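Have a look at the structure below before the remarks.
Here is how names work: the chains are called A, B, and so on, in the same order as the sequence lines, proteins then strands, and each is numbered from 1. Quantities reported herein were computed from a predicted structural model and do not represent experimental measurements.
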Protein chains: 2
Amino acid sequence: MTLRVGVIGGGQLARMMIPPAIELGIDIRVLAEAEGMSASIAATAVGDYTDLETVLSFARGVDVVTFDHEHVPQAVLQGLVAAGVAVHPGPDALQYAQDKLLMRARLASLGVPVPSWASVADSADLDAFIDAHGGRAVVKTARGGYDGKGVRVVSSAAQVADWFGDDPLLAEELVDFKRELSQLVARRPSGDVTLWPVVESIQRDGVCAEVLAPAPGGSPRLAAVAAQIGTTIAESLGVTGVLAVELFETLDERILVNELAMRPHNTGHWTIDGSTTSQFEQHLRAVLDLPFGATGHTAPWSVMVNILGGPASGDLDTPLRAAAAAQPTAKLHLYGKPPRPGRKIGHVTVSGDDLATVAYEARAAAAAFDS
Amino acid sequence: MTLRVGVIGGGQLARMMIPPAIELGIDIRVLAEAEGMSASIAATAVGDYTDLETVLSFARGVDVVTFDHEHVPQAVLQGLVAAGVAVHPGPDALQYAQDKLLMRARLASLGVPVPSWASVADSADLDAFIDAHGGRAVVKTARGGYDGKGVRVVSSAAQVADWFGDDPLLAEELVDFKRELSQLVARRPSGDVTLWPVVESIQRDGVCAEVLAPAPGGSPRLAAVAAQIGTTIAESLGVTGVLAVELFETLDERILVNELAMRPHNTGHWTIDGSTTSQFEQHLRAVLDLPFGATGHTAPWSVMVNILGGPASGDLDTPLRAAAAAQPTAKLHLYGKPPRPGRKIGHVTVSGDDLATVAYEARAAAAAFDS
């Protein structure tokens with residue numbers, strides 16, 4: 001009788017699905033890559049998500065399979081579907097999150113605004129693209145990139161010589177943007193779509209550092225355009241679950257789609273503390289085809305700051321205590337991961353009436369973990 | 001390195017400690033009474049909490065032991081302390097939650113306002129008390145009562161003839177109250193005390209049905225008196241963790257202490273969704289002696305409605321779907337317990353600007369489970 005959700009992958013996104021699953025009375029089970037991962041409290045199996053038999057065996061105990069990440073191979077996804085397993089998002093949608101060239105081509109065909117781009121098979125192709133776009137370009141591997149990996153800004157094809165091989169690369173114009181935004185969407189299998197307010201994300205070294213929610217100075221037009229883009233993509237690609245659409249706001253006030261993620265996303269972590277329904281609860285509702293919860297923000301402003309790296313000592317108790325002592329309003333989230341330079345090991349969200357105050361408090365609490 | 005909290009008892013209060021433990025990166029472990037209890041996702045042991053060896057073995061893996069309930073025998077509590085285990089709240093404090101006669105005597109000695117009361121050993125004592133208090137009295141067993149059990153309103157000692165035995169009973173005046181209130185407090189071993197806003201609780205058949213937070217029409221004087229009472233009790237009794245002080249507000253505007261609970265309490269469930277820091281997170285911080293989080297309410301009003309009994313069919317999916325569809329603002333909490341008449345199987349909280357609206361929405365969502 002109890003609704004059962006199986007999550008493939010034991011990282012922090014699976015971990016953050018556990019609290020709302022407990023609240024809603026959902027039996028959540030995780031197929032973890034290894035022992036001791038972030039979501040291990042809910043791990044009912046440890047195994048290789050690229051092995052169909054492993055995944056099928058895990059899936060037999062649940063009503064629906066969803067994901068901590070987008071890396072499950074298409075062959076495994078299709079094997080699950082062929083075996084009658086409910087998979088959300090499904091393989092047809094996930095292919096666009098797994099292949100950036102496929103995604104760019106599909107978005108272009110939908111008329112969704114994207115940066116100038118090309119599929120480049122060799123150095124000559126790329127150098128031609130660079131020449132045509134002011135002498136610089138962003139080059140991305142079509143598969144496997146995240147958090148700044150698989151992305152380089154180059155002025156010559158020679159700078160990605162090591163990436164050329166059998167697969168073409170994605171070349172994009174280097175967009176002259178004012179800021180980066182994110183539109184978080186959720187869609188149910190039965191078709192209902194819901195959106196959170198568009199937020200501003202601040203990246204450092206290709207990694208999300210902070211999110212300001214809602215995006216400061218956001219106009220009704222901006223909100224409408226972002227919502228239209230998010231809804232179009234979710235519906236056209238048949239996304240089920242949470243979809244994050246990362247956007248550029250250009251100096252001339254255009255909105256361009258940068259990246260997609262078909263899962264709960266770092267730019268939505270603020271919703272745990274700052275929205276009536278968090279992206280993690282909504283993702284569970286979506287994949288179970290339960291009616292959506294309200295997505296309004298519960299305070300005028302929320303600021304989310306990532307905890308990156310953590311203390312060199314490896315000791316998290318001391319900064320936890322310091323952050324709690326100094327910032328009683330800070331909602332502290334740790335992912336159960338050992339500190340390591342650059343690694344996302346947690347985040348902090350503060351919500352309140354004054355943007356400057358909540359930003360200060362969130363940054364101060366996160367900074368306690370930098371020592 | 002990771003902070004480890006052990007909870008004795010696998011009920012819904014232990015269950016509701018799990019989400020904040022996950023968020024704070026705390027390793028939470030539960031000693032459950034049986035398989036398949038509410039908090040089973042965190043159960044690392046199943047055993048008898050009245051057996052010292054069982055409890056000691058469980059306690060060896062954690063930094064501090066705390067509780068889902070107040071029923072662990074003093075001998076076991078003292079055995080833990082003697083073995084060097086950190087126990088919060090400790091046996092000296094818990095004895096007052098375990099014995100209502102002891103509690104009444106201690107509160108009276110502290111000068112905390114309480115209803116008229118007496119320890120009655122036999123029918124003659126009780127009939128004398130009834131005669132002296134207008135022909136009626138509330139009679140309680142000193143130990144083991146909860147949710148209306150072990151409490152009777154009587155006009156003659158004959159009505160509790162079955163309760164007289166070796167142990168005296170507690171007789172109390174039947175207070176002519178305007179409403180019931182609850183003051184939730186948390187105290188750390190190092191002495192820091194924090195309080196949430198005083199709330200109104202509405203009881204039906206001796207069981208909490210609804211909580212309105214904060215208490216409507218509450219004056220600064222009311223808040224100050226309730227805070228003073230809560231702080232005095234927490235400090236004088238050496239409570240560590242969350243303490244709930246249930247209060248009567250009388251027709252002549254006095255505040256009297258009705259009951260104490262030394263653990264997270266039903267009248268504090270609204271804090272999960274309506275306060276910056278929930279009672280469950282604060283309890284974890286308290287027992288680990290971590291600095292407290294802020295306790296303000298995040299919306300002007302929150303209303304919590306218990307889901308009592310649940311559908312006769314035993315099917316919770318249908319009402320969950322109905323409640324989600326009709327009340328998108330409702331925060332739905334299910335405890336993983338099969339429906340049974342009168343049983344607390346979950347609760348709903350709605351927060352917002354207008355008390356009548358949030359009360360309507362919370363009641364409507366909870367009512368979906370009545371069918």
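Between atom CD of residue B/Glu23 and atom NE2 of residue A/His347 there is a gap of 8.0 Å, rounded to the nearest 0.5 Å. For the atom pair B/Asp317 CG and A/Leu3 CG, the distance stands at 4.0 Å (nearest 0.5 Å). One finds the CG atom of A/Leu320 at 7.0 Å from the CD1 atom of B/Ile26 (value rounded to the nearest 0.5 Å). The line from CD1 of B/Ile28 to CD1 of A/Ile41 is 7.0 Å long, rounded to the nearest 0.5 Å.
Neither the backbone nor the side chain of A/Gln327 comes within contact range of chain B, judged by heavy atoms closer than 4.5 Å. For B/Ala322, no part sits under 4.5 Å from any heavy atom of chain A, backbone or side chain. With a 4.5 Å cut-off on non-hydrogen atoms, A/Thr295 does not touch chain B at all. Contact of B/Ala299 with chain A is not made at all, since no heavy-atom distance falls under 4.5 Å.
Per-residue counts of heavy-atom pairs under 4.5 Å with chain A were compared for B/Asp289, B/Thr298, B/Thr194, B/Ile345; the largest is that of B/Asp289. Interface summary for chain A: among B/Arg321, B/Met16, B/Glu281, the most heavy-atom pairs under 4.5 angstrom belong to B/Arg321. Heavy-atom pairs under 4.5 Å with chain A peak, among B/Ile22, B/Leu332, B/Thr276, B/Thr329, at B/Ile22. Among B/His333, B/Arg285, B/Lys337, the residue making the largest number of heavy-atom pairs under 4.5 Å with chain A is B/His333. Among B/Gly25, B/Ser351, B/Pro328, B/Ala330, the residue making the largest number of heavy-atom pairs under 4.5 Å with chain A is B/Pro328.
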